[in-house]
Amino acid sequence: MQTGLGRYPTTRMRRRRAADWVRRVAAEHLVTPADLILPIFVIEGVDRAEPVASMPGVERLTIDRAVARAREARGHGIPALAVFPCEPDRVKTEDGREAANPDNLMCAAARAIRDAVPEIGLIGDVALDPYTSHGQDGILKDGVIVNDATVALLAKQARVQAEAGICTVAPSDMMDGRIGAVRRQLDEAGLENTRILSYAAKYASCYYGPFREAVGSAKALGAADKRTYQMDPANSCEALHEVAMDLEEGADLVMVKPGLPYLDIIHRVKSTFGVPTLAYQVSGEFAQIKAAGGQGWLDADKAMLEALLSMKRAGADAILTYAALDVARRLQG
Ligand code: PBG
């Protein structure tokens with residue numbers, strides 16, 4: 001920071017804020033539809049949408065409806081969707097093997113969206129929690145999440161997704177070594193152009209509550225938590241270590257998650273590595289704003305935009321947000 005930038009009364013900061021045009025010209029950061037990635041929840045069936053109670057305005061969609069949503073997102077300039085499957089109990093097993101089934105719900109959704117809306121980016125969630133009967137992101141043996149066996153299954157999961165048309169696989173599990181394993185598996189399968197978006201700094205956050213409700217992993221998880229693999233909210237330097245390892249293993253883009261409570265991490269990751277850094281405004285952040293808005297306690301539309309802008313200011317290149325479509329519509333207003 002330069003010093004001696006100016007002194008009152010020669011310098012009056014308010015001159016720069018005095019008219020709409022100059023405020024716009026002087027704006028350092030901007031949220032545009034191109035910054036927004038829309039997460040979608042996919043369910044089995046045809047022509048159905050189920051509301052998610054804890055996420056006002058968010059619905060679980062059958063594949064045909066998801067295709068329509070993809071078209072709509074594309075029409076509003078949203079570059080990509082992040083796809084999450086909501087699996088019925090009958091496919092959930094102790095070892096989560098459905099994750100690597102090339103005909104699972106995620107792959108079917110990917111094929112349908114890829115065919116209908118080929119220009120939109122498709123980010124596939126790579127993790128076992130939608131498929132395990134215990135709701136953990138890994139294989140559980142004697143009460144412990146086994147790292148390397150989990151990673152082997154994640155690599156297969158990433159491959160079947162990529163083969164189904166997912167252009168960017170996104171491991172969200174926080175096992176050690178999974179980025180390298182996924183990269184090797186993709187390369188061996190001739191999928192060297194498939195990108196990896198690593199949930200590199202993902203915290204063990206209570207803000208995932210509504211999401212777990214949406215995908216049905218809350219019930220399976222019960223009172224258990226994910227603190228043996230997701231990061232401790234008390235840590236920040238550790239996030240840089242995580243990101244460094246994932247980049248070394250071949251991550252193309254990295255993510256910090258959640259967003260608003262971790263702006264310092266977004267800033268440090270972006271300024272340290274200078275790589276494309278995404279933030280995830282997670283379900284609980286979304287729900288918080290919507291709930292207060294619903295009570296008439298704050299203007300939810302403005303609060304949403306301000307929260308997203310804070311992540312851009314912190315250094316995020318793009319943001320996953322359940323409000324992506326809403327915000328894009330308003331920005332184009
Ligand atoms: C699980 C996963 C989670 C989210 C995305 N992928 C939840 C968790 O780790 O339990 C959370 C997203 C959100 O809260 O919006 N692999």
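Each ligand, and each atom within it, is numbered from 1 in the order the structure gives.
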Q | Heteroatom distance test (Y322, ligand 1): nitrogen or oxygen, under 3.5 angstrom | A | yes

Specify the protein heavy atom at minimum distance from [atom]: its residue, its atom name, and the distance to 0.1 Å.
atom: atom 2 (C) of ligand 1; answer: K202 NZ, 3.2 Å
atom: atom 14 (O) of ligand 1; answer: S283 OG, 2.7 Å
atom: atom 16 (N) of ligand 1; answer: S172 OG, 2.8 Å

(Q) Nearest 0.5 angstrom please: L36 CG to I319 CD1, how far? (A)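 Here the rounded value is 6.5 Å.
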
**Q.** Distance, nearest 0.5 Å, that separates CE of M106 from SG of C86
**A.**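 Spacing of CE (M106) from SG (C86) equals 10.0 Å.
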
Considering only heavy atoms of [X], which atoms of ligand 1 have at least one such atom less than 4.0 Å away?
X: K226; answer: 8 (C), 9 (O), 10 (O)
X: Y280; answer: 12 (C), 15 (O)
X: D137; answer: 1 (C), 16 (N)
X: A127; answer: 16 (N)

Less than 4.0 Å is my threshold; does some heavy atom of [X] fall inside it relative to ligand 1?
X: F286; value: no
X: K257; value: yes
X: Q230; value: yes

Q. Are I139 and L153 side-chain neighbours, meaning at least one heavy-atom pair lies under 4.5 Å?
A.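 Side-chain contact under 4.5 Å: yes.
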
**Q.** Residue pair Q332 / H76, side-chain heavy-atom distance below 4.5 Å
**A.**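 Touching, per the 4.5 Å side-chain cut-off.
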
Q: Measure the acute angle between the ring planes of F211 and F84, then classify it against the limits of 30° and 60° as parallel, tilted or perpendicular.
A: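 Perpendicular.
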
Q.
Applying side chain to side chain donor-acceptor pair (under 3.5 Å), can you list everything that pairs with Y262, at least two apart in sequence or on another chain?
A.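 Per chain and number, Y262 pairs via side chain to side chain donor-acceptor pair (under 3.5 Å) with no residue.
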
Q: Sequence neighbours left out, what pairs pass salt bridge (Lys or Arg N to Asp or Glu O under 4.0 Å) with at least one residue falling in residues 207-216?
A: none

Q. Does ligand 1 have a heavy atom under 4.0 Å from the side chain of D129, from its backbone, from both, or from neither?
A. side chain

Q) Is there a donor in the side chain of Q136 and an acceptor in the side chain of Y229, or the other way round, less than 3.5 Å apart? A)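 Yes, Y229 and Q136 have a side-chain donor paired with an acceptor closer than 3.5 Å.
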
